[in-house]
Number of protein chains: 2
Amino acid sequence: MHDIASRADVSLGTVSHVINGTAPVRDVLKKRVLQAIDDLGYQPNHLSRGLRRNQTNLIGMIIPDIMNPFFPSVVRGVEDMAYKASYRLLLCNADNDVQKETAYLNDLRSFLPAGIILIPSLDHKIASQGAGPPVVCMDRVPKGWKGDSVTVANEAGGHAAAEHLIEMGHKIIGIVRGPSNVVTAEERVTGFVKAMKAARLSISPEYIQEGQFDRESGYTCTLRLLNMLPRPTAIFTASDLMATGALAAIKASKLKCPDDISIVSFDGLAFTELTEPALTSIFQPSYQLGYTAARLLLDRINGEDFPPQNVMLDTELKIRDSVRRI
Amino acid sequence: MHDIASRADVSLGTVSHVINGTAPVRDVLKKRVLQAIDDLGYQPNHLSRGLRRNQTNLIGMIIPDIMNPFFPSVVRGVEDMAYKASYRLLLCNADNDVQKETAYLNDLRSFLPAGIILIPSLDHKIASQGAGPPVVCMDRVPKGWKGDSVTVANEAGGHAAAEHLIEMGHKIIGIVRGPSNVVTAEERVTGFVKAMKAARLSISPEYIQEGQFDRESGYTCTLRLLNMLPRPTAIFTASDLMATGALAAIKASKLKCPDDISIVSFDGLAFTELTEPALTSIFQPSYQLGYTAARLLLDRINGEDFPPQNVMLDTELKIRDSVRRI
DNA sequence: TTGTAGGCGTTATCAG
DNA sequence: CTGATAACGCCTACAA
């Protein structure tokens, strides 16, 4: 900036004013400054700017693990929205480890980010945010959370899954659910069971097996369900990963999907089109999730003073080939 | 720091010395300072530190698109290595858009990152890095690049793919290759063709169809190959995405894989286990790719003064169910 | 071994 | 409208 000032023969302050539009500057001077900036290929230093302003154009994002196929599109959603508003993304993988997450959270703050987007680990009790940049919680929102958040209508999704199976004539249905300490897992089951109740169908507890959202547990849980008598004609798996385990289990049991047993899954990840059969699944708008969270955060950053808000995004039933009419 | 200094009843400089180990400090004082730091929950400000040191603990990373299933594990590899050395990741999606990429590159620099990891867009001619932080190029390295880089042994991979098919008795083979302006695509074909030559097998040009690495083109290219006379008994697809297109095309043609036609793919992404049949594929060590690039970069950051280095990582043939012995 | 002071590149304040 | 000047928080000579 100093060089620019001398080159344009103005003071440092004027250069700053031109750059930030923080005070009107005579046209001649402005032109000279802009020219000098261009000549010198000047780019403002984010660090000193942040230091002075007490805020950078960084958005910190903490997620469990980018290798989990659910998160890339969430991240991309955030980045796209952030990029539009000239913010950059500082990405952290916390591995569902509360310690790592808190460490990251603290560390992030000393970059003076404009805001933070957090997908909390399963058992994180977040201290309600005190000072510091605004935080938006996403996907799974801890019980005590008082700030902004964006979530998916998990219960409605579970409900829709059940309705679909019921409509297709299924009555004896098994569930491979997610871990009971995870809100989203809980909600999906709740919705599902509600829909069954509404249709006067019952489901006894042993027909609800608890897995870990991963392929492995999907496999074993499904195996257990297949041994029940009467054998369910359909299974609701609470994640796509578990659904792939279910498919494997069905195959291993010399059964066929959907001929012998139908599956409705949850997530709607890209690869569900590629399995055999392609999976009917409750699609979560993952990109939108990130995009929306970022928008909310930006509003907050820009000082909008609405009360803490929870945006809930709808799921969508994607019908493919894993459910058969009975 | 000021607060800490007064609380521990020492000077600002001493606090700094304790924090950075930049000068020996009497044990009593050190203890007092550490105590004060703990009491106040002090965290050094990355911005001011970076400003002063002219370098932050950020590593900038520019990739084409995190939603492309190849990249998440690369990113994770980088983050893991970086995290160990207390560096943080600034992630940018450049969408194979040279403009966006250059913009990001410039913008990144004014965060004073310790280094930059770049997966260049297809047709990027990078200016050889002048001043600024060290840059490591990854995966696809532009022709003129003089700095460090990490790549995959694409040619050897293509070679291995061919050898496998040949060993399984295939003689008439089709190729669905990637775009000819992409180095990696070129190399894979080269390796494949070399292996065929070595086995005294020939492949005429129309048996090599050029796609875009995506599913769509995999489908259409495969369709064309299936109409050739004689019909190939096997196809080498240069990406997993194209392989899924190939599978669809085979199905649409009322043929069966691997019974009527075998497939060897390239990438070895996770979902290739889930297709029907599971894909035999040349696995690229994507996580290692990121991990290695980060290590190389860290060495460079730490001032190691070796000449520009290219690390080439080996691929691995993962045999699954899409190739049949003839 | 400890303390002091200057400066990193910006922005904000305030006086001309 | 323009230009000094004082911070922002930290590091590092250098002096004590």
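Below, chain A is the first sequence line, B the second, and so on; all start at residue 1.
The side chain to side chain donor-acceptor pair (under 3.5 Å) search around B/D65 returns A/R76, not counting sequence neighbours. By the ring-ring contact (aromatic ring centres under 6.0 Å, His included) test, B/H46 is found to be paired with A/F111, residues two or more places apart in sequence or in another chain being considered. In this structure, the side chain to side chain donor-acceptor pair (under 3.5 Å) partners of A/S149, at least two apart in sequence or on a different chain, are A/N310. Qualifying side chain to side chain donor-acceptor pair (under 3.5 Å) partners for B/R300, counting only residues two or more places apart in sequence or in other chains: B/D148. Every residue meeting the ring-ring contact (aromatic ring centres under 6.0 Å, His included) condition with B/Y291, not counting sequence neighbours, appears here in chain and number order: B/Y287. With sequence neighbours excluded, no residue satisfies side chain to side chain donor-acceptor pair (under 3.5 Å) with B/Y87. Residues satisfying the salt bridge (Lys or Arg N to Asp or Glu O under 4.0 Å) criterion with A/D214, sequence neighbours excluded, are absent altogether.
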Walk along nucleotides 7-16 of chain C from 5' to 3' and tag each nucleotide B, S or - by protein heavy-atom contact under 4.0 Å, base first, then sugar-phosphate.
BBBBBS----
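One finds a side-chain N or O of B/T14 lying less than 4.0 angstrom from the OP1 or OP2 phosphate oxygen of C/dG3.
For residues 5-28 of chain B, the set of pairs meeting the ring pair (Phe, Tyr, Trp, His ring centres under 6.0 Å) definition, not counting sequence neighbours, is empty. Residue pairs meeting the ring pair (Phe, Tyr, Trp, His ring centres under 6.0 Å) criterion with at least one member in residues 59-86 of chain B, sequence neighbours excluded: A/Y104-B/Y83.
Overall, the helix from C/dT1-D/dA16 to C/dG16-D/dC1 carries an axis bend of 40° between its ends, with five pairs at each end and the value rounded to 10°.
B/N45 contributes a side-chain N or O that, together with a main-chain N or O of B/L47, makes up a donor-acceptor pair within less than 3.5 Å.
Between chain B and DNA chain D, the heavy-atom contact criterion of under 4.0 Å yields a 5' to 3' nucleotide range of D/dG9 to D/dT12.
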